[in-house]
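Hydrogens, waters and symmetry mates are skipped; everything else that's a heavy atom, side chains included, is used. Order of the sequence lines sets the chain letters (A, B, ...), proteins ahead of strands, with each chain counted from 1.
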Amino acid sequence: MHVPAKFLGTQITGGSSSTIDAFEKMRIAGATAREALLLAAAAKLKVDKNTLRTENGAVITRDGQRIPYTELATLAASVSLPDDVSLKPRSEWKQIGRSIPKLDMVEKCTGTATFGMDVIQPDMLYATIKVNPHLGAKLNSFNAANATAMPGVKHILPLGEVGVAVVASNTWYAFKAAEVIEFDWAKTAYAQTTEGLFESAIAAFKESHQDSQNRNDGDVDFVIGQAGDATINREYRAPMLAHATMEPMNSTALLKNGQLDIWAGNQSPTFALAEAAKVSGISEENIRVHTTYLGGGFGRRAEMDFIVYAVMVAIQLEGTPVKVTWTREEDMTHDNYRPFAIARFQGVVSGSNISALDVKISSPSVMESQMGRVGLSIPGPDTTIVQAAWDQAYMIENYRVTGYRVPIGIPVSSWRSVGASQNGFFCESMMDELAHEANVDPIDIRLALISHSPTRKVLEAVAELANWGRMLPENHGMGIALVTSFGVPVAQVIEVEKTQNGIKIHNVYVAADVGIAIDPSNIEAQLISGINFGLAAAMMGEITLKDGKVEQTNFHNFDSIRMHQAPAIHCKILENGERIRGIGEPGTPPAAPALANAIYAATGVRLREMPFKKQIQFV
Amino acid sequence: MQLNVNGKQHEVDVEETMPLLWVLRDELAITGPKFGCGIAMCGACTVHINGMPARSCSIPVGQVSGQVTTIEGLGTPYAMHVVQAAWVEHQVAQCGYCQPGQIMSAAALLQVNPNPDDEAIDRALSANLCRCGTYPRIRAAVKTAAAKIRESNL
Ligand code: FES
Ligand code: FES
């Protein structure tokens, strides 16, 4: 069997890469298994393998006898496999393209699925942590005199140089005791306020901080120079965001007889293994990472802090399994955040055409921050700073996209769709502004700039699905956005209504091209999820910094979209793309600009800063 | 102190101020109710107390009297409650973490209102966050379960 080597030997759920990575491998594995079953049946029946075929879990002989795979499995395990198997042509696929009920569904609907939070080991203790809220700085000293005498408290342990763990007989006792410990935290050297962070982004708009210029078509400076005062200058902003997974960070660990066991819902077991080895000094062969269900990842569980802290506790309490659960407050204030960003545009419209567009984006580097935490450095530019800005299908004659890197301060991280989560909003809102300036329909102005056929087709499909251009009820407005991320072009039309009490989001229409749609129901689910995730951020998501600490602590001040605000979502899945793609993230980026553009259509208010609740109300 | 959960009587020895959630999870190993926020803002910990939905993270165990029902007591994988069956039919769960709470809230709603309109669903379920954004399928599943309940009431 020739299966391509695993990328850097890592297992990771991220970058919408699982489907792309596994598709061919799983097909080869399936085809090889089928071949083994055929060989086993041929040997058992002493017939030529070519007289046999397979169907619905059985080998079928020429005279119609059915031998279930279950009867052949043992024998099949010992046959020698051919080097090459042929894969079924698309015309013969039976399972690919069919919606199949998910295996985890019953467990997850009956409370029997085991999430990291639900791991129970014999004689386990329960812990929580308190880490310096000045992220990255150390703990100078602490006084736990009041905490040690609290009910249920067993141990108070240092956590590296950054905090402490409280170990108790019940998570609640640990939470309560942690609250009364007095801490003297060291401070950080980076900006201490939200304003300071944005000032650092403004300061980075200069040549010395230029990170990339992946697109520089035509002569932007010349066209803008000619346009002079007619140039359309715009600035957009996006705040930091927390991942706020539904399940707060947690992990369970046990060190016993030189063996380390770790239980955690996580997005990268191989990184977990390496990090655990690093902090414990135990070699990787003696560590087992048990990956449980996770209550949301969105990039947060590709980070390793929650695993490292559990290991730090376990190695101090040899022989005792300890589950370390963060409070929501700890989780919210100790995230690695979606970075803040500023975009500056200069656009020139001539007639009904966009003749020049200059895009400058300033933001900290996710890759530098994230890789730095596991001791790696990424040489060269970080294209996530300009992701979904430089790499879109638009063919504007004079078109330049420059990324500027803000020096790393507060830790930042991959947040569902990464750079596309803010750049989609910036660029597609700007596109709408230019369409209005040019007095051209926002879909037509896009189509005029795109020749890539699958991308054109998602625009056309969403226009049809939404019945774009139809007469709308009074106070309704529709907005369009198109963002390609992770290779998937996604177009969304959002319909809102301006009511007396604020904006009501009625409908989202979405068309996405995944190349090959393995499971349409699951793709629909991911689109719905990605859209609601993007809408929540656009409407109300904002992490702010004050006195060097994150101000939001729980869902009362970092809320998310809820049932009464969630729109109806209508999906159209297309398969014109050149290859199969993953759909975990691409649904998110167009949601914010489609919403902003719809609100503009309904109200005339142009939103250039997320979250929109700063300027308008939602109902 | 005595606590009745899913029809079983338990003796627990904890501080009376301990929230019901942490008694269920860490003392009784009943882990269906989830910890999400601890301040009655997310609904992940929703259980029924005497049939009424309650956020178990914010109710001291000392104040609980009567029957506590958790997702495990509502139905089991082999004998699902009508709401759970509707959830499976609509393939609602993604990460699944919020779903025990969603299902408990929905079951409590349908108990008193087997024919909820969209507004009633909004009201009953707005206390339950889903960061995976499964709301459209939740809504559809509630309606399917409601129709089944009405049928069986005929
Ligand atoms: S954990 Fe109880 S409402 Fe969030
Ligand atoms: S299914 Fe993940 S939070 Fe609801």
Residue part contacting chain A, namely of B:Ser126, when any heavy atom lies under 4.5 Å
both
For A:Thr112, which atoms come within 4.5 Å of any heavy atom of chain B: side chain, backbone, both, or neither?
side chain
Rounded to the nearest 0.5 Å, what separates atom CG in A:Asn170 from atom CE in B:Met18?
3.5 Å
Without swapping roles, check the side chain of B:Asp26 against the backbone of A:Thr171 for a donor-acceptor pair under 3.5 Å.
yes
Side chain / backbone / both / neither for A:Ala113 at chain B, heavy atoms under 4.5 Å
backbone
How about B:Asn153: does its CG atom have over 12 heavy atoms from other parts shown lying under 6.0 Å from it?
yes
Atom CD in A:Glu247, atom NZ in B:Lys34: separation rounded to 0.5 Å?
8.0 Å
For A:Asn522, does its backbone N or O pair with a side-chain atom of B:Gln91 as donor and acceptor, under 3.5 Å?
no
Are more than 12 heavy atoms, taken from residues, nucleotides or ligands other than B:Met52, located less than 6.0 Å from that residue's CE atom?
no
To the nearest 0.5 Å, tell me how far A:Arg328 CZ sits from B:Cys57 SG.
11.5 Å
What part of B:Ala85 is in contact with chain A, defined as an atom under 4.5 angstrom from a non-hydrogen atom: side chain, backbone, both or neither?
neither
Heavy-atom pairs under 4.5 Å with chain B: which of A:Asp331, A:Leu535, A:Ile528 has the most?
A:Ile528
Enter the distance from A:Met246:CE to B:Cys42:SG here, rounded to the nearest 0.5 Å.
4.0 Å
Smallest separation among heavy atoms of A:Phe533 and B:Arg131, with atom names:
CE1-NH2, 3.2 Å
Should we count CD of B:Glu11 as having more than 12 external heavy atoms under 6.0 Å?
yes
So for A:Phe555, is it side chain, backbone, both, or neither that comes closer than 4.5 Å to the heavy atoms of chain B?
both
What part of A:Gln526 is in contact with chain B, defined as an atom under 4.5 angstrom from a non-hydrogen atom: side chain, backbone, both or neither?
both
Closest approach of A:Met563 to B:Arg139 (non-hydrogen atoms, all atoms of both residues):
O-NH2, 3.4 Å
Measure distances from B:Asp118 to the heavy atoms of chain A and classify the residue's part below 4.5 Å as side chain, backbone, both or neither.
neither
Check whether more than 12 heavy atoms from other residues, nucleotides or ligands sit under 6.0 Å from atom CD of B:Glu119, and answer yes or no.
no
Assert yes or no for the condition that the ring centre distance of A:Phe175 to B:Trp22 is strictly below 6.0 Å.
yes
Counting only heavy atoms closer than 4.5 Å, note whether A:Ser169 contacts chain B via side chain, backbone, both or neither.
backbone
N-O pairing of B:Asp122 and A:Arg562 below 4.0 Å
no
Does any heavy atom of chain B fall under 4.5 Å from the side chain of A:Asp559, the backbone, both, or neither of them?
side chain
Which heavy-atom pair separates A:Ser521 from B:Arg137 by the least distance, and what is that distance?
O-NH2, 2.8 Å
Engaged part of A:Pro101 at the chain B interface, taking heavy atoms whose separation is under 4.5 Å
both
Measure B:Leu125 against the heavy atoms of chain A and call it side chain, backbone, both or neither at under 4.5 Å.
both
Of all heavy-atom pairs between A:Asn554 and B:Cys37, which one has the smallest distance, and what is that distance?
ND2-O, 3.0 Å
Below 4.5 Å, heavy-atom pairs only: which of B:Pro100, B:Pro136, B:Cys132 has the largest tally toward chain A?
B:Cys132
Assess the residue pair B:Tyr135 and A:Ile561 against the criterion (side chain to side chain contact (heavy atoms under 4.5 Å, CB included)); give the C-alpha distance rounded to whole Å, side-chain angles, the decisive distance to 0.1 Å, and a yes or no.
CA-CA 9 Å; B:Tyr135 303 114; A:Ile561 194 166; 3.8 Å; yes
What's the shortest heavy-atom distance between A:Pro248 and B:Gly36, and which atoms?
CG-O, 3.8 Å
Testing the basics here: between B:Gly133 and A:Asn532, what is the closest heavy-atom pair and its distance to 0.1 Å?
O-ND2, 2.9 Å
Closest-packed option against chain A by number of heavy-atom pairs under 4.5 Å, given B:Gly32, B:Ala44, B:Cys95
B:Cys95
Is A:Ile100 close to chain B through its backbone or its side chain, or both, or neither, when contacts mean heavy atoms under 4.5 Å?
backbone
Under 4.5 Å between any side-chain heavy atoms of B:Gln84 and A:Val106, yes or no?
no
Heavy-atom donor-acceptor pair, B:Gln99 side chain to A:Cys109 backbone, under 3.5 Å:
no
Return the OG1 to CH2 distance between B:Thr17 and A:Trp172, rounded to the nearest 0.5 Å.
7.0 Å
Has A:Tyr173 got a side-chain atom pairing as donor or acceptor with B:Val14's backbone, closer than 3.5 angstrom?
no
